[in-house]
Visitor: 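First the structure, which I've put down as C-alpha cells, then a few questions once you've had a look.
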Amino acid sequence: MTPPDGYRSEVPTTPGLPPQALLPGLGLPALLRQEAEDRPGCATLPLPELHLVAAARPNLPKLAALWHALAAHQASGRPAFCRPVLLHTGQHADHAMFGRHLAELNLPLPQIALGVAGGGGHAGTTARTLLACAETWARRRPGLVVVAGDVDATLAAALAARKLGIPVAHLEAGLRCGDRDMPEEINRRAVDAISDLLWAPDQATADRLLRQGHPARAVRAVGNAMIDTLLDRLPAARARPLPEGLLPRSYGVVTLHRPANVDDPAALAPILAALKRAAGQIPLVWPLHPRTAARLQATGLRVPPGIRLLPPLGYLDFLGLMARARLVATDSGGVQEEASLLDLPCLTLRPSTERPVTVESGSNRLIPPASLPESLTGAVEEILAGAWPPSRPIPLWDGRAGPRMVAHLAQFLSGAEAPAATQKKPRRQRSAA
C-alpha cells in the first residue's frame with residue numbers, strides 16, 4: 001500500500017515540545033522495558049501492544065486517564081497484560097493545541113506519529129487517516145486499538161482496525177444528541193456499531209447501548225475519563241496565575257468551535273451579538289480556537305467590545321481559568337462535563353447535547369441559537385443574582401474510570417469471559433444505532 005502524502009510513521013511530530021520537557025519515568029513503556037530487563041525470560045514473552053489513538057486535543061485527557069491507570073496497574077506489582085503505545089494521527093500537531101497538553105498531562109511523546117494533518121473536508125481527513133492507520137498496523141499489529149471521542153480520525157482508526165481484524169475499544173461510547181446532521185453524531189454512531197468494547201461515561205448511556213443490542217460483556221459504565229484527569233490535575237491548574245487583570249469569579253469564559261456555530265456568518269453573527277449583551281453584564285474572556293479565528297478573519301466579523309481574546313491555552317491554564325470563573329458559555333462537549341464537576345454554571349450554545357446527564361445534574365442549560373439573545377442574557381442575570389442551582393454529583397464521575405477500563409481490558413486481552421455487566425440488561429427494542 002502506498003502511504004498517503006505527508007505520511008510519517010513512528011517519528012514524534014510535536015513541534016515545540018522537546019523530549020526533556022517530559023518527566024522521566026512516567027511512561028509505561030519504559031517501565032515495561034525495565035521489567036523485561038529485570039526478569040529473566042520476560043523478553044521472550046512479548047506483551048500485546050495496546051495502541052491509544054489521539055487525534056485532537058480533547059482526546060488527550062481521556063486517554064491520559066487510561067494511560068496512567070495502566071501505569072498504576074503495572075507499578076502495583078500486578079502482572080502486565082499489554083504494552084500501551086500512544087499513536088498520534090496529526091489533526092492537532094502544534095504546540096498550543098497538542099504538544100503542551102502532552103507535558104501537562106504527563107504523557108510521553110507519541111511513539112507512532114502518522115502526520116496526517118486536517119484539511120480537505122471530513123472525507124479527506126477520514127480517508128487519509130484510514131490509509132495511514134492500515135499501513136502502520138499491517139506492519140506493527142496491536143492486540144487492541146483504543147479510540148476516544150467522535151472526531152473524524154476516531155472513525156478512521158476504528159474502521160482501519162476492524163478491517164484488519166483488530167479489536168477496538170471505544171472510550172466515551174454511547175453518546176447521542178439526536179442530530180444526524182452533526183458530523184460527530186455520525187462518527188460516534190458508526191464507531192459504536194463496530195467496536196468490541198464500549199466504555200460509557202454513565203449508567204443511562206450504557207443502558208442505551210444494551211437496548212440497541214450490544215452484548216452485555218462488551219458494555220461497561222466505567223465513568224468519565226475526563227473527570228479522572230481533571231481531579232488529578234486540578235490542584236496544579238488552580239496554582240496557575242490567571243491572565244493579568246482577572247480576579248476569581250469576576251469573569252465568564254467563552255469557547256466556540258463547532259462548525260454549526262462558526263462556519264456560517266448567518267449563525268455566528270447572532271451569537272456574537274448575544275455575547276456583546278452578555279459582556280455588558282460580566283466581562284468575558286475567550287480563548288480563541290484556530291478554526292474560529294480563521295472564520296472570523298474570512299467573514300470580517302468582529303469580536304464585540306467587552307470580550308477579551310486569549311490565544312489557545314494549554315490544559316492547565318484553561319482548567320485554571322474555568323475553575324475560577326463565574327460562568328462559561330460554550331459549544332464544547334468536554335467543557336460541559338468539566339463545568340459539572342467544577343459546579344460552574346454552563347450555558348451551552350446549542351439546541352441539543354450528547355451529554356444530557358450534565359443538564360440533569362443542574363449545572364448545564366441549553367441555549368438554542370434561535371432563542372438568542374434573550375435566553376443568554378436571562379441566564380447570565382440568573383447566575384449573577386445567585387439563583388442558579390448547585391450542581392448535583394453524577395454517579396461514576398468519581399475519578400475511577402481508568403481502573404474500570406483497565407479491568408475490562410485485562411479480561412478481554414486475557415481471553416477470560418467477562419462477567420455480565422452489573423446493570424440489569426434492559427429489554428431490547430428497536431432503536432437507531
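Values below: every heavy atom of this structure, side chains too, minus hydrogens, waters and symmetry copies. Since this is a predicted model, take the numbers as computed values, not measurements.
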Visitor: Give a yes or no on whether a salt bridge exists between Lys62 and Glu337, defined as a side-chain N under 4.0 angstrom from a carboxylate O.
Guide: no

Visitor: One pair to check against side-chain contact (heavy atoms from CB on, under 4.5 Å): Val328 and Leu347. What are the steps and the verdict?
Guide: CA-CA 6 Å; Val328 61; Leu347 309 175; over 6 Å; no

Visitor: Below 4.5 Å, heavy atoms only, C-beta onward: do Val380 and Ile282 meet side chain to side chain?
Guide: yes

Visitor: If you count the non-hydrogen atoms of other residues, nucleotides and ligands that lie under 6.0 Å from CD in Glu381, is the total more than 12?
Guide: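 No - once you tally the heavy atoms of other residues, nucleotides and ligands closer than 6.0 Å, there are 12 at most.
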
Visitor: Evaluate Arg295 against Asp264 for salt bridge (charged side-chain N to carboxylate O under 4.0 Å, His left out), listing each step before the verdict.
Guide: CA-CA 8 Å; Arg295 297 305 183 271; Asp264 184 355; over 6 Å; no

Visitor: Look only at the side chain of Arg404 and the backbone of Val222, and say whether a donor-acceptor pair between them is shorter than 3.5 Å.
Guide: yes

Visitor: Any side-chain donor-acceptor pair under 3.5 Å between His51 and Glu49?
Guide: yes

Visitor: Does any non-hydrogen side-chain atom of Leu197 lie less than 4.5 Å from one of Arg220?
Guide: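 Side chain of Arg220 against side chain of Leu197, heavy atoms only: no contact under 4.5 Å found.
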
Visitor: Can you give me the closest heavy-atom contact between Pro351 and Leu366, atom names plus distance?
Guide: O-CD1, 3.7 Å

Visitor: Any donor-acceptor pair under 3.5 Å linking the side chain of Thr205 with the backbone of Pro201?
Guide: no

Visitor: Taking all non-hydrogen atoms of both residues, which atom of Ser340 and which atom of Trp397 are closest, and how far apart?
Guide: CB-CZ3, 4.3 Å

Visitor: Does one side chain, of Asn187 or Asp152, offer a donor that lies under 3.5 Å from an acceptor on the other?
Guide: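 A donor-acceptor contact under 3.5 Å links the two side chains.
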
Visitor: Tell me whether Glu185 contacts the main-chain N or O of Cys177 through its side chain, where contact means a donor paired with an acceptor under 3.5 Å.
Guide: yes

Visitor: Does a salt bridge link Arg308 with Glu244, judged by any charged N lying under 4.0 Å from a carboxylate O?
Guide: no

Visitor: Of all the heavy-atom pairs spanning Ser371 and Pro368, show the shortest one and how long it is.
Guide: OG-O, 2.7 Å

Visitor: Do Thr358 side-chain atoms and Arg355 backbone N/O form a donor-acceptor pair below 3.5 Å?
Guide: yes

Visitor: Quick one, Phe412 and Leu144 - any side-chain contact, counting heavy atoms below 4.5 Å?
Guide: yes

Visitor: If you measure from CG on Leu70 to CE on Met405, what distance do you get to the nearest 0.5 Å?
Guide: 8.5 Å

Visitor: Do Glu374 and Arg277 make a side-chain contact, defined as non-hydrogen atoms from C-beta onward lying under 4.5 Å apart?
Guide: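 With C-beta onward as the side chain, the pair touches.
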
Visitor: Quick check: does any side chain N or O of Gln281 sit under 3.5 Å from a backbone N or O of Thr377, one acting as donor and the other as acceptor?
Guide: yes

Visitor: Less than 4.5 Å apart, side chain to side chain, heavy atoms only: is that true for Phe81 and Leu47?
Guide: no

Visitor: What verdict does the side-chain contact (heavy atoms from CB on, under 4.5 Å) test give for Leu63 and Leu52, after you've listed the backbone C-alpha separation in whole Å, the side-chain angles of each residue and the deciding distance to 0.1 Å?
Guide: CA-CA 7 Å; Leu63 294 174; Leu52 281 66; 4.1 Å; yes

Visitor: With a 4.5 Å limit on heavy-atom distance, are the side chains of Ile112 and Val85 in contact?
Guide: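 With C-beta onward as the side chain, the pair touches.
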
Visitor: Taking the basic N atoms (NZ, or NE/NH1/NH2) and the acidic carboxylate oxygens, is any pair closer than 4.0 Å for Asp150 and Arg189?
Guide: no

Visitor: Between Arg240 (side chain only) and Leu316 (backbone N and O only), is there a donor and an acceptor less than 3.5 Å apart?
Guide: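 No, Arg240 side chain to Leu316 backbone: no donor-acceptor pair under 3.5 Å.
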
Visitor: Could you go through the side-chain contact (heavy atoms from CB on, under 4.5 Å) check for Leu301 and Leu268 one step at a time?
Guide: CA-CA 8 Å; Leu301 293 172; Leu268 183 54; 3.8 Å; yes

Visitor: So Leu246 and Leu321, do their side chains get closer than 4.5 Å, heavy atoms only?
Guide: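 Leu321 vs Leu246: side chains touch.
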
Visitor: I'd like to know if the side chain of His408 reaches the main chain of Pro403, judged simply by a donor and an acceptor atom lying under 3.5 Å from each other, with no hydrogens or angles considered.
Guide: no

Visitor: Can you name the closest pair of heavy atoms from Gly143 and Pro167 and give their distance?
Guide: O-CD, 3.4 Å

Visitor: Is Arg400 salt-bridged to Asp228, cutoff N-O under 4.0 Å?
Guide: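 The answer is no: the pair does not qualify as a salt bridge.
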
Visitor: Strictly distance-based, threshold 3.5 Å: is any side-chain N or O of Arg100 a donor or acceptor partner for the main-chain N or O of Glu104?
Guide: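 Side chain of Arg100 to backbone of Glu104, a donor-acceptor pair under 3.5 Å: no, none is there.
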
Visitor: Hey, could you give me the SG/CG distance between Cys82 and Leu50, rounded to the nearest 0.5 Å?
Guide: 4.5 Å

Visitor: Indicate whether the side chain of Thr353 and that of Gln336 have a donor and an acceptor atom separated by less than 3.5 Å.
Guide: yes

Visitor: Assign the ring pair His289 / His257 to parallel, tilted or perpendicular, where the plane angle (0 to 90°) is split at 30° and 60°.
Guide: parallel

Visitor: Which heavy atom of Glu354 sits nearest a heavy atom of Gly333, and at what distance?
Guide: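 Taking every non-hydrogen atom into account, OE2-CA, 3.9 Å.
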
Visitor: Minimum heavy-atom separation for Ala221 to Ala206, with atom names?
Guide: CB-CB, 3.8 Å

Visitor: Would a 4.5 Å heavy-atom cut-off, applied to side chains only, mark Leu319 and Leu342 as touching?
Guide: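 Answer yes - side chains close enough.
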
Visitor: Under 4.0 Å between a side-chain nitrogen and a carboxylate oxygen: does that hold for Arg176 and Asp192?
Guide: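 Yes, charged N to carboxylate O under 4.0 Å.
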
Visitor: Start with the C-alpha gap between Tyr251 and Arg324, add the side-chain angles, then the distance that decides, and say whether side-chain contact (heavy atoms from CB on, under 4.5 Å) holds.
Guide: CA-CA 9 Å; Tyr251 61 90; Arg324 287 167 283 185; 3.6 Å; yes

Visitor: Are Thr348 and Asn364 linked by a side-chain donor-acceptor pair shorter than 3.5 Å?
Guide: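 Yes.
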
Visitor: Using modelled atom types only, decide if a donor and an acceptor are shared between the side chain of Asn261 and the backbone of Arg258 within a distance under 3.5 Å.
Guide: no

Visitor: Give a yes or no on whether a salt bridge exists between Asp331 and Arg350, defined as a side-chain N under 4.0 angstrom from a carboxylate O.
Guide: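 Looking at Arg350 together with Asp331, the answer is no, because their closest N to O distance does not fall below 4.0 Å.
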
Visitor: Out of curiosity, Leu198 CG to Leu209 CG, how far, rounded to the nearest 0.5 Å?
Guide: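 If I round to the nearest 0.5 Å, the distance is 5.5 Å.
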
Visitor: Examine distances only and state if a side-chain atom of His73 and a backbone atom of His68 form a donor-acceptor pair shorter than 3.5 Å.
Guide: no

